[in-house]
Asker: 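Here it is: the structure, laid out below.
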4 protein chains.
Amino acid sequence: MTVRIGVVGTGAIGREHIERVSRVISGARVSAVADIDAALAEKAAAEAGGARVADAADIAGSLIAADDVDAVLVSSWHAAHAEHVLAAIAAGKPVLCEKPLATTAEDALRVLAAEEAFGRRLVQVGFMRRYDPGYRELKRVIADGGIGRPLMMHCAHRNRSAPERYTTEMAAQDTGVHEIDAARWLLDDEIVSAQVILPRATERRFPHLRDPQFMLFETAGGVRIDLEVFVNCQYGYDIQCETVGETGLIRLPDPARAEVRAAARVGTEIDQEWGGRFAEAFDVEVQAWVDSVAAGAATGPSAWDGYAATAVAAATVEAQRTGAVVDVDLVERPAFYA
Amino acid sequence: MTVRIGVVGTGAIGREHIERVSRVISGARVSAVADIDAALAEKAAAEAGGARVADAADIAGSLIAADDVDAVLVSSWHAAHAEHVLAAIAAGKPVLCEKPLATTAEDALRVLAAEEAFGRRLVQVGFMRRYDPGYRELKRVIADGGIGRPLMMHCAHRNRSAPERYTTEMAAQDTGVHEIDAARWLLDDEIVSAQVILPRATERRFPHLRDPQFMLFETAGGVRIDLEVFVNCQYGYDIQCETVGETGLIRLPDPARAEVRAAARVGTEIDQEWGGRFAEAFDVEVQAWVDSVAAGAATGPSAWDGYAATAVAAATVEAQRTGAVVDVDLVERPAFYA
Amino acid sequence: MTVRIGVVGTGAIGREHIERVSRVISGARVSAVADIDAALAEKAAAEAGGARVADAADIAGSLIAADDVDAVLVSSWHAAHAEHVLAAIAAGKPVLCEKPLATTAEDALRVLAAEEAFGRRLVQVGFMRRYDPGYRELKRVIADGGIGRPLMMHCAHRNRSAPERYTTEMAAQDTGVHEIDAARWLLDDEIVSAQVILPRATERRFPHLRDPQFMLFETAGGVRIDLEVFVNCQYGYDIQCETVGETGLIRLPDPARAEVRAAARVGTEIDQEWGGRFAEAFDVEVQAWVDSVAAGAATGPSAWDGYAATAVAAATVEAQRTGAVVDVDLVERPAFYA
Amino acid sequence: MTVRIGVVGTGAIGREHIERVSRVISGARVSAVADIDAALAEKAAAEAGGARVADAADIAGSLIAADDVDAVLVSSWHAAHAEHVLAAIAAGKPVLCEKPLATTAEDALRVLAAEEAFGRRLVQVGFMRRYDPGYRELKRVIADGGIGRPLMMHCAHRNRSAPERYTTEMAAQDTGVHEIDAARWLLDDEIVSAQVILPRATERRFPHLRDPQFMLFETAGGVRIDLEVFVNCQYGYDIQCETVGETGLIRLPDPARAEVRAAARVGTEIDQEWGGRFAEAFDVEVQAWVDSVAAGAATGPSAWDGYAATAVAAATVEAQRTGAVVDVDLVERPAFYA
């Protein structure tokens, strides 16, 4: 069986997913695409090896509910994610939604309610780090007790540079949200409060942006997480994650790169873009999703995870504004997501 | 287009390839399998999702030449490799042959002659290291002049333990042959002589085996290569490769593994088996082969590379026996393989 | 010229210094010792190769002011440090005072006033990290602009285990104070506020102790410093320091230890005690002090540094108690210490 | 007691030792110096803080046998080492001789005979690596069985560049001799044969010099040692040593240097000169010698070690010339040196 995938949104990430499904993933093909930019959609359809271009004015009907679509991949603009996911649930079709699941906690809760009403999981949220070999090793070692009970996490998320449209809020919503999900997953614990400290800002970038930021989170179990977000660090794309437990600590590996000794230095190259760093994770993520669609059973980050991440990011944005410790008020976790 | 693959030989490596084609590779499926062990073939066919079991007594006719086979993957026992590759060339079909291409230089030369007579490349030899990200980085940096003109290579190939059937000769033919090909490829140079030094043997394994061995090679360009082969090193699977040039050196990275600090030590795990170390390389290798079949143009390690590796390994075996420096007498490289 | 040193306090650190002066340092010897524990003093005097035991009831007269003492090394109990340093200033003699210079900011200010009144620097405070090769490399690279203008520091101070008498306050006063001084020195900036976050406590140690702690500091220039203090981390003595600047970051090296590959792991040993980690730094510190005494010009961490560290540690203790951000109110820095 | 040292030879290394004794070493001072270059000797004497300049025409009488000299440090030109050591033995005085002990095996044997006739050890040879913390960790771990019985060693000795007067022979006599001694010491075994392989030469340096060289040694116990000597590697001073045993391997650490992430690379600086790399080892070596003089009992590398290193280096030079495996014919080790 070949899973026929309809792709909503053919911007940069959408086209990467189309390329991935067409050339890397086993057991799937892109059957239909939709985008409000018709020319972009046509181009993406051609790259997919002849997919159908669906009507952008009726994505729910012409693509999500269509007979030639077995499963939906949502890579539209963030504000439309929840709507497209709800349409997929309404059509009873599995859906992989790029993060965020929704831009507000309210929208995310509507997804939870719809999925629970449908009666079984259909939604996987695109937190690809859960499929990165390094993060998976952290998860395994922590779960096996290799560092004892976790007490702290120290994280950093650095990008070489951010575009002018990048805002102070996006440091939480778009950037930090990856660590928010990773921490919840690694610790198997919920984040209950957020605080943001603002070091002096780099002068290497736009004045409107507070960069770097230093975020602090607390979990229900009392674990403290700190996260440096620095999106104009100049030197490269660099993701650090360290968990400290009662008997040891574990640190996410840097990518394996060849060591060069030349010109009075020994060292390795650093990735410049995020794509390369997590390319393998994206491949594994989408293959796992396709396999789960074929098997008829959703896996991976759930709508609940998408909701929690959105809620924590919202609290973090409020903490940016107020300077105070902001509580995260999650609804009670439905048994459906236990 | 889905490439339909016929697999000759359903032993351990054959079945790994079948699993890979069925679950990981994009654009291919296994359509037929053959093995002299009929039960094994039946089982592999089922795992491939319903492939046909071909007549093991007539592999050339019932599988290689069959209409439902677009390309052939040879993972039969080593002594039969050349025969199956020749049959694929006779049928005009692309073939991926697990290393070695042949067990004797004479057999390898028959493959070269047949392929040249056919008029275009059909053969890819399974030297998967050329698809490993670490080795590719070495290739790129060396080719870009990052270490200057190469002068020396220092290599090590260590396995945790070898089975009782492993022989002293296999250290060259089955183990060292990977470094022989990798060195030729990285240096873009031919090996012209081999010498073998035998350190005192480990007592941790069977008395019939000389282990470790220390192999020395010279290239036409004067580069000197040394290679420790140690197949009972006890601690894990460990592949080292360092190239020293006129202005610097580059070292193959160890796999990226999480650093743990616990119990008075800081460090990482070491792979115990070769499968995990090169799993990604195998995936990339087979995908590249499938893509090249679909595109109608062979790429990757050629029959010439297979011949050269076989010839160097044979000289190395003679060097084990004699203790002397043994010349490698390659035929002149046909323009066809330029 | 051989510098004749009088040592006040012959506990563990005092005796280490006596051993150091006697067997490692060039150009100095211990001429007199004093301790309220007479037996301890006798033993230390013998180990020093025949030093005089001074009258513990009159340390100022019998040791600090004595003719056979050129310079004073204070390693008495913390509460007496300021008194002994003041006596050295009164006698016009150079003094190396183990940290802390004083246990209260008021006492430290009395030292500043006395030294300024004397008219030239006599006091060096024992912040040995400034003499550690790794920290010195950080200082040099940061000062040379190798990472751009500093924005953040991430630090960790971990001990294998702390004795029962170790208190929550000591995490700031005795442990974190090393990073407080190192940060001030590396950044050439003053700390203006402190905050303490308390993660859930390890269960591996005494219930009276909050361990680990996560301390946050801000400098006058807006640099944000975070410091994990974890004195029962079980796995060893581990000091981490990372400074993030506008164009790069620099990380304190782990000690150089041999890499071992065995038993499925690759890695190195971790120091178990602090003595080994900073042994070289202590040697360099004391040699620098002896050399400065011989040259007649004080160098190294000054009384001002001792005062500032004491004041920041006091604010940190208040922050432990209140959970709030606590300002550090330093007096204006006298021109004398510019 | 202060050990009064007479220094023979005030060239570069001699003056470094004078500086070391004067400013770093505890319990010693330089009392007399001698050099055929009178101006150089005067300058060195002044730097030593007022040492006597002895008569260069009668070094044995005016310096070695003089009453104000307790122990002799030989850093004269290589061809004179044996003569000066013999004079020290004749005077019954402890002597630290820079490597080599002698330039011929015959001269080294004369030293052995003289020392044995004197009746107790007086000679320490300046193989400073035995005092380097990294090498000492290798020695400890190997001796403790941490890697099982040793089977192989892989070494590299790289200098940034060599002066024009550096000859092909010096690669063995002056450079490789350090690894020759280190291997003998680490393995507690004698080297019995040498072979030299000459890779293509770097074009970055003088045509008269064969550089790099690849040396192969065998020990009496069957351990195989390979050593790359590359004295114009361009990128820095880099010493590598790896010992492979039956259950694991151990690798000499690179110096601890701060990791910098900047400009798309992560890495550390590499030493450019040998002085920095082994500065601590030299300090420890000379302090150990001074302490042993004070204690009246010689320690460290003995005259036997000096003889063996000279004999192996001589065999290596012959191996350079002949291309053959050259046996090292040591005399039987006297019980005196057991």
Side-chain angles (χ1 to χ4, degrees), chain A residues 146-156 158 160-161 187 189 193 195-205 210-230 232-236 238 240 242-251 270 323-325, chain C residues 146-156 158 160-161 187 189 193 195-205 210-230 232-236 238 240 242-251 270 323-325:
Chain A
I147 61 166
R149 203 173 57 134
L151 303 175
M152 291 168 287
M153 286 185 71
H154 308 306
C155 309
R158 303 189 188 108
R160 192 182 50 180
S161 64
L187 299 171
D189 201 353
S193 77
Q195 180 186 356
V196 179
I197 285 174
L198 298 173
R200 75 175 165 202
T202 178
E203 294 177 349
R204 297 269 165 168
R205 213 60 183 162
R210 289 305 309 241
D211 183 46
Q213 299 180 29
F214 194 66
M215 301 173 181
L216 299 162
F217 304 101
E218 183 176 11
T219 72
V223 176
R224 295 293 188 150
I225 301 156
D226 57 271
L227 166 61
E228 173 198 328
V229 172
F230 188 9
N232 292 288
C233 79
Q234 309 295 320
Y235 70 81
D238 192 8
Q240 301 291 323
E242 186 174 279
T243 305
V244 182
E246 291 196 338
T247 59
L249 72 80
I250 186 164
R251 190 184 278 177
I270 295 179
V325 176
Chain C
I147 61 166
R149 204 172 57 133
L151 304 175
M152 291 168 286
M153 286 185 70
H154 309 306
C155 308
R158 303 189 188 107
R160 193 182 49 180
S161 64
L187 299 172
D189 201 353
S193 78
Q195 180 186 357
V196 179
I197 285 173
L198 298 173
R200 74 175 165 202
T202 179
E203 295 177 350
R204 298 269 166 167
R205 212 59 183 161
R210 289 305 309 239
D211 183 46
Q213 298 180 29
F214 195 66
M215 301 174 181
L216 299 162
F217 303 102
E218 182 175 10
T219 73
V223 176
R224 295 293 188 149
I225 302 155
D226 56 271
L227 166 60
E228 173 198 329
V229 173
F230 188 10
N232 291 288
C233 80
Q234 308 295 319
Y235 71 80
D238 191 9
Q240 301 291 323
E242 185 176 279
T243 305
V244 183
E246 290 196 339
T247 59
L249 72 80
I250 186 164
R251 190 184 278 176
I270 296 178
V325 176

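Here is the naming used below: chain letters follow the sequence lines, and residue numbers restart at 1 for every chain.
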Asker: With rounding to the nearest 0.5 Å, note down the distance linking CD in C:Q213 to CE in A:M152.
Answerer: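 Separation between the atoms: 10.5 Å.
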Asker: Going through the checks in order, is the side-chain contact (heavy atoms from CB on, under 4.5 Å) test met by C:R224 and A:R200?
Answerer: CA-CA 8 Å; C:R224 295 293 188 149; A:R200 75 175 165 202; over 6 Å; no
Asker: Counting heavy-atom pairs under 4.5 Å with chain A, which one of C:E218, C:E228, C:R204, C:R205 comes out on top?
Answerer: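 Ranked by contacts with chain A, first place is C:E228.
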Asker: Looking at C:P150, C:G236, C:G245, which makes the most heavy-atom pairs under 4.5 Å with chain A?
Answerer: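 Ranked by contacts with chain A, first place is C:P150.
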Asker: If you count heavy-atom pairs under 4.5 Å with chain A, which of C:T219, C:V223, C:I197 comes out on top?
Answerer: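 The candidate making the most pairs under 4.5 Å is C:I197.
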Asker: Does any N or O in the side chain of A:E246 come within less than 3.5 Å of the main-chain N or O of C:E203, such that one atom is a donor and the other an acceptor?
Answerer: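 Confirmed, A:E246 side chain pairs with C:E203 backbone.
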Asker: Could you check whether any side-chain heavy atom of C:L249 comes within less than 4.5 Å of a side-chain heavy atom of A:Y235, counting everything from C-beta outward?
Answerer: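 Result yes, sub-4.5 Å side-chain heavy-atom pair found.
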Asker: Which residue out of A:G248, A:A201, A:P199 racks up the most heavy-atom pairs below 4.5 Å with chain C?
Answerer: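 Maximum pair count with chain C is reached by A:P199.
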Asker: Please state whether the side chain, the backbone, both or neither of A:D211 comes within less than 4.5 Å of a heavy atom of chain C.
Answerer: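 Neither part; nothing is under 4.5 Å.
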Asker: Check side chain to side chain contact (heavy atoms under 4.5 Å, CB included) between A:A220 and all other residues, then give those that pass, not counting sequence neighbours.
Answerer: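 If we apply the side chain to side chain contact (heavy atoms under 4.5 Å, CB included) test to A:A220, skipping adjacent residues, the hits are A:D189, A:V192.
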Asker: Restricting to ring-ring contact (aromatic ring centres under 6.0 Å, His included), what partner residues turn up for C:F214, sequence neighbours left out?
Answerer: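 With sequence neighbours excluded, C:F214 shows a ring-ring contact (aromatic ring centres under 6.0 Å, His included) to A:H154, given in chain and number order.
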Asker: Given a strict heavy-atom distance threshold of 4.5 Å, which part of C:L151 is in contact with chain A: side chain, backbone, both, or neither?
Answerer: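 Interface part for C:L151: both.
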Asker: What part of C:A156 gets closer than 4.5 Å to chain A, counting heavy atoms only: side chain, backbone, both or neither?
Answerer: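 Looking at C:A156, nothing touches chain A.
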Asker: Non-hydrogen atoms of chain A under 4.5 Å away: do they reach the side chain of C:R158, the backbone, both or neither?
Answerer: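 Only the side chain of C:R158 comes within 4.5 Å of chain A.
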Asker: Could you tell me the separation between the CG atom of A:L216 and the CD atom of C:Q195, rounded to the nearest 0.5 Å?
Answerer: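 Here the rounded value is 7.0 Å.
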Asker: Count the heavy-atom pairs under 4.5 Å between each of A:D238, A:N232, A:V244 and chain C, then report the option with the highest count.
Answerer: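 The candidate making the most pairs under 4.5 Å is A:V244.
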